[in-house]
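Here is the structure we will look at.
Note on naming: letters A, B, ... go to the chains in the order of the sequence lines (proteins, then strands), and numbering restarts at 1 for each one.
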Protein chains: 2
Amino acid sequence: MRSYISDLKDKVGQKITLKGWVYQTRSSGKVKFLELRDGTGIVPCILFKGECTDAALESFEKLTQETSVQVLGSVRKHPKHENVYEIGVETLEVLAPSENYPISPKDHGTDFLMENRHLWIRSKRQHAILRVRHEIISAIRDFFDGRGFTLTDAPIFTPSACEGTSNLFETKYFDEKMYLSQSGQLYMEATAAALGKVYCFGPTFRAEKSKTRRHLIEFWMVEPEVAFNDMYDNMDLAEQFVEYIVQRTLKNRTEELKVLERDLSKLEVIKGPFPRLHYKEAAEMIKKENPEFNIGDDFGAPDETIVSSKYDKPVFVHHYPQAIKAFYMKEDPNEPGYAMGCDLLATEGYGEIIGGGQREESIAKLLEKIKEHKLNEKDFQWYLDVRRFGSFPHSGFGLGIERTVAWICGLPHVRETIPFPRLYGRSYP
Amino acid sequence: MRSYISDLKDKVGQKITLKGWVYQTRSSGKVKFLELRDGTGIVPCILFKGECTDAALESFEKLTQETSVQVLGSVRKHPKHENVYEIGVETLEVLAPSENYPISPKDHGTDFLMENRHLWIRSKRQHAILRVRHEIISAIRDFFDGRGFTLTDAPIFTPSACEGTSNLFETKYFDEKMYLSQSGQLYMEATAAALGKVYCFGPTFRAEKSKTRRHLIEFWMVEPEVAFNDMYDNMDLAEQFVEYIVQRTLKNRTEELKVLERDLSKLEVIKGPFPRLHYKEAAEMIKKENPEFNIGDDFGAPDETIVSSKYDKPVFVHHYPQAIKAFYMKEDPNEPGYAMGCDLLATEGYGEIIGGGQREESIAKLLEKIKEHKLNEKDFQWYLDVRRFGSFPHSGFGLGIERTVAWICGLPHVRETIPFPRLYGRSYP
């Protein structure tokens, strides 16, 4: 029976078999060291002449980075370090060679690493990022599942272009024209009417011809929607949610965050309440440092950073001008011209990680907005039905997974936050 | 503060506010009954003249199916039934009307219900199905997360057509041609080399112009892949997995399965070990009942049913003829001409829910197969790298969510198993 490196602590003194790949090797006199990785961890395997077979020593000489091997040996505690184990090797067998493995410990350019993404993911740093990503995704699901939400995934193929077609991928669906979903929100509004508290969590697509460190063409998004929640309830939910995923990742993935050299103190303080700014307050703040900014405009990435740099916690900005927000946003009846949207800006200049708000529940106003935005009313019949039959105030938000992973890991670019990134100009492997 | 119907058991004797939609109403002399649903459950709300306001009684007269309302009242235990609660109404307020709601308790045709899927999901039966779906998805993730697997989601945009382009959706990715993923398997083989035990779980696409009760155009699939697992380990994993999701759903979603009138005894017996048949055994079995079947051919849906009807547990069929299997399947060195694939057929005629097997780890054989299948070698460079650098035996499988939901719920058609189904000829809402 094969063992896994992650389980060694329960196998001290036992003779076990490990299967995996060579991470590194070195020799020091009569002692040979093999750092073996099996996907669950890395363990030093030590070969001593006399303790291991001669065949094992011969095999050792053939090892190159990423050679696949099988090792039989005894599990020992590290003589000095707590919770560190090593293998006293008896036999070592090469399973398959690895000649001229292209990624060495030396520095490679990003293009080269991206072209070899399928191999790059075998490195320690990428393991840490992918494990943090997995933890964040589990935390997100546990958060909503533990609060009575029902998962109601939205379709990828969507017949209507809800916010214009410019950033949409079009595809032929037999004899029809279809688009790849940019958001499941409209569908979640319908399922919220059925199940009260719902969310969807899947890939979404944006055909943006831009190369920035914050954008992917294909990215994952979680979108909760709650019947009878207003914009303020929505901020409360988003606040509890972000605190939960950050604190849980910090607790369960400390080792991985250390590998990434993340400053943990910046994450420890991510606890509610988060500051909440009216758009007008945020805009004044930006205007002071960026005179070119016009009050009433949407924020650019540098503008977001001006606001978020004032706080060590994420900051909500709410009540954006109606003119710069989507047609489905509810206009505040107490503050005409302003929409009840609320976005959350992450700390340390990571920008908007949540966009959301309260939706317009009046069918008359929604019809007006659809006209104003020059959208095709026919495409929205099912969406309008949500207001025709027992309309209700409701709110929700979307959180982009890759930006959140970049923020929590402290990465400069989203391209490392997903196993196989799709960017403008990058679709391989 | 608003309460939810799901929490009533902790609020007996308290005065609470509920918000939701009218499911049904009836009058019996001086007593008016309102069945209120809020997405978390349905509760009878009882209006007695004198106990509630006159305004409440007036509002009651205006209620139609799906009117949204707010109710203030006291939580009481049902006088006769255990674990059933009711609301003694004080005030009742109409929030928004619902005129001519199209779905009444009478029977509607399937086309009509599908066209109104966004409203159909407000019914008890659809709630039950969607909650079972959610439970199955959570169970799947918990199963793999609890066994040290890392989630490494595959991209939807794939540059190469791995098994021919005939069933693929094509899309323009800026200036390139891309396809929508049919499977994340090839990517999981690469991530298994990085992380040992991995899975992906997302939507996949098949452009099949067929209308059957088992096929969707857009469906969700979970695909685990394990380094160093052979076909037999793979069957062990699939067996434990299917037992886990069925037994957990049975335990956590008994009420929903009862709403669906599922024969629970058929699910109770879904426990390993599952029978395992060589293709040749299964083929002989089919030939006896379907003389038109040719040994060596793939099974059709009726053929699968011939095999599965012999057992009250799911049945594995392994060692299919190499000729009818994909290029990446490993040929059994002890049985030339047969591939180390293993599929799992569900009970009660629900057909194949798992397809999988051991992958070819030899680069030389894989290159041969790519030529045989007339595929473009250039597209597979990254996939071949998985064999170039430390190749290893590995196995995995894919489980289709919608078929599994149909099976566990006992539904005749997959179209009800997903919130917004995409079928040939159906892409709305």
Side-chain angles (χ1 to χ4, degrees), chain A residues 2 4 6 19 21 38-40 66-68 95-96 98 101 118-119 121-122 127 130-131 134 137-138 141 145 148 150-157 159 169 171 173-174 176 178 187 190-191 193-197 202-203 209 218 227-228 382 385 389-392 419-420 422 424 427-429, chain B residues 2 4 6 19 21 38-40 66-68 95-96 98 101 118-119 121-122 127 130-131 134 137-138 141 145 148 150-157 159 169 171 173-174 176 178 187 190-191 193-197 202-203 209 218 227-228 382 385 389-392 419-420 422 424 427-429:
Chain A
R2 173 168 66 117
Y4 284 104
S6 55
K19 292 180 186 184
W21 298 267
D38 74 350
T40 73
E66 291 300 319
T67 300
S68 54
L95 299 177
S98 167
Y101 186 69
H118 55 294
L119 302 174
I121 52 172
R122 299 188 185 189
H127 286 189
L130 292 175
R131 289 215 180 88
H134 184 191
I137 290 171
S138 301
R141 293 185 180 269
D145 294 354
T150 303
L151 176 72
T152 55
D153 281 315
I156 303 296
F157 282 125
F169 284 104
T171 181
Y173 185 86
F174 307 106
E176 291 169 75
M178 293 274 270
Y187 288 98
T191 59
L195 292 152
K197 294 179 279 188
K209 282 193 180 178
E218 181 180 330
F228 303 107
W382 69 266
D385 275 356
F389 304 110
S391 194
F392 53 105
F420 298 95
R422 295 292 178 252
Y424 180 53
S427 59
Y428 177 93
Chain B
R2 172 168 68 116
Y4 283 104
S6 55
K19 292 180 185 183
W21 298 267
D38 73 350
T40 73
E66 292 300 319
T67 301
S68 54
L95 300 177
S98 167
Y101 186 69
H118 56 293
L119 303 174
I121 53 173
R122 299 188 185 189
H127 286 190
L130 292 175
R131 289 215 180 89
H134 184 191
I137 290 172
S138 300
R141 294 185 179 268
D145 294 354
T150 303
L151 176 71
T152 55
D153 280 316
I156 303 296
F157 281 126
F169 284 103
T171 181
Y173 185 85
F174 306 106
E176 291 169 77
M178 293 273 270
Y187 288 97
T191 60
L195 293 151
K197 293 179 280 187
K209 283 193 179 177
E218 181 180 330
F228 303 107
W382 69 266
D385 275 357
F389 305 110
S391 193
F392 54 105
F420 298 94
R422 297 292 178 250
Y424 180 54
S427 58
Y428 177 92

Hey, which of [options] has the most heavy atom pairs under 4.5 Å with chain A?
{"options": "B:G196, B:A190, B:P159, B:S427", "value": "B:S427"}
{"options": "B:T40, B:L95, B:D145", "value": "B:D145"}
{"options": "B:S6, B:G390, B:S138", "value": "B:G390"}
{"options": "B:F169, B:Y101, B:Y428, B:Y173", "value": "B:Y173"}
{"options": "B:T67, B:I121, B:I156, B:I137", "value": "B:I156"}

| said: Return the NE2 to OG1 distance between A:H118 and B:T191, rounded to the nearest 0.5 Å. | reply: 12.5 Å
Atom of [X], atom of [Y] and distance for their closest heavy-atom approach:
{"X": "B:D385", "Y": "A:R122", "value": "O-NH2, 4.3 Å"}
{"X": "A:S68", "Y": "B:S391", "value": "OG-O, 2.6 Å"}
{"X": "A:H134", "Y": "B:L151", "value": "ND1-N, 3.3 Å"}

So what's closer than 4.5 Å to chain A heavy atoms on [X]: side chain, backbone, both or neither?
{"X": "B:Y424", "result": "both"}
{"X": "B:L119", "result": "side chain"}
{"X": "B:K209", "result": "both"}
{"X": "B:D38", "result": "backbone"}

Please confirm whether the backbone N or O of [Y] pairs with a side-chain atom of [X], one donor and one acceptor, at under 3.5 Å?
{"X": "A:T150", "Y": "B:R131", "value": "no"}
{"X": "A:R422", "Y": "B:F157", "value": "yes"}
{"X": "B:E218", "Y": "A:P155", "value": "no"}
{"X": "A:H127", "Y": "B:A194", "value": "yes"}

| query | In terms of the angle between their ring planes, are B:F420 and A:W382 parallel, tilted or perpendicular, with boundaries placed at 30° and 60°? | reply | tilted
| said: Tell me whether the rings of B:W21 and A:F392 are parallel (<30°), tilted (30 to 60°) or perpendicular (>60°). | reply: perpendicular
| message | Please identify, among A:R2, A:E66, A:M178, the residue contributing the most non-hydrogen atom pairs under 4.5 Å to chain B. | response | A:R2
| Counterpart residues, side-chain contact (heavy atoms from CB on, under 4.5 Å), relative to A:P419 (two or more places apart) | A:L130, A:R133, B:T152
